[in-house]
Amino acid sequence: WCSGDYECAGGKYNTEECGFDDGDCLDFNAQYPDCGVEVPMLIFDGRCDGGLYNTEECGYDGGDCTSFNAQYPDCVVEYPFYIGNG
């Protein structure tokens with residue numbers, strides 16, 4: 001992950017000291033100010049990621065988990081994409 005590559009790397013890169021990944025994380029931080037995931041690029045990537053990603057603060061993985069949460073409202077797993085994957 002490189003600064004200025006238009007992908008929010010997160011973690012230590014998404015800090016004031018690092019210019020919020022040289023500005024790459026500004027949109028992410030504005031949209032999800034309380035989302036503290038390590039890899040913001042996984043938000044809204046087309047796959048429902050669990051844990052901290054599937055939270056209200058992270059927009060339920062940017063909407064990726066909306067269908068999963070509707071179908072399995074009480075299923076709390078780290079890797080929701082494993083369910084029904086064959």
Side-chain angles (χ1 to χ4, degrees):
W1 296 320
C2 301
S3 295
D5 63 0
Y6 304 103
E7 291 184 359
C8 178
K12 294 178 183 178
Y13 299 92
N14 189 9
T15 62
E16 186 174 0
E17 295 79 14
C18 293
F20 302 103
D21 193 19
D22 195 26
D24 291 343
C25 294
L26 294 176
D27 289 340
F28 176 83
N29 293 341
Q31 189 167 3
Y32 306 107
D34 298 319
C35 180
V37 296
E38 191 65 25
V39 186
M41 292 180 289
L42 295 179
I43 301 286
F44 192 62
D45 66 346
R47 181 177 81 174
C48 177
D49 298 292
L52 293 176
Y53 296 87
N54 190 8
T55 61
E56 184 176 358
E57 294 81 10
C58 296
Y60 302 102
D61 197 15
D64 290 342
C65 293
T66 304
S67 294
F68 175 83
N69 292 340
Q71 189 170 357
Y72 306 103
D74 298 317
C75 181
V76 179
V77 293
E78 191 67 25
Y79 305 105
F81 52 87
Y82 284 172
I83 293 179
N85 69 345

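None of these values were measured; they are calculated from a predicted model.
A side-chain hydrogen bond (donor to acceptor under 3.5 Å, both in side chains) check over residues 68-78, counting only residues at least two apart or in different chains, returns the pairs Asn54-Asn69. Applying the salt bridge (Lys or Arg N to Asp or Glu O under 4.0 Å) rule to pairs touching residues 40-57 yields Arg47-Asp49, sequence neighbours excluded.
In this structure, the separation between CZ on Phe20 and SG on Cys8 is 10.0 Å, given to the nearest 0.5 Å. Here the straight-line distance linking atom CG of Asp21 with atom OH of Tyr6 works out to 12.0 Å at 0.5 Å rounding. Rounding to the nearest 0.5 Å gives a distance of 4.0 Å between CZ of Phe68 and CD1 of Ile83.
Between Pro40 and Ala9, the shortest heavy-atom contact is CD-O, 3.6 Å. Between Pro33 and Ala30, the shortest heavy-atom contact is CD-O, 3.7 Å. Considering all non-hydrogen atoms of both residues, Cys58 and Gly36 come closest at SG-N, 4.4 Å.
The closest side-chain heavy-atom distance from Tyr53 to Val39 is below 4.5 Å. Annotation: side chain of Asp64 is not in contact with side chain of Phe81 (no heavy-atom distance under 4.5 Å).
The hydrophobic cluster containing Leu26 does not contain Phe28, counting ILVMFWY residues as joined when their side-chain heavy atoms lie under 4.5 angstrom apart, directly or transitively. Under the 4.5 Å side-chain heavy-atom criterion for ILVMFWY residues, a single connected hydrophobic cluster contains both Leu52 and Leu42.
Remark: Asn14 pairs with Asn29 by the side chain to side chain donor-acceptor pair (under 3.5 Å) rule, at least two apart or across chains.
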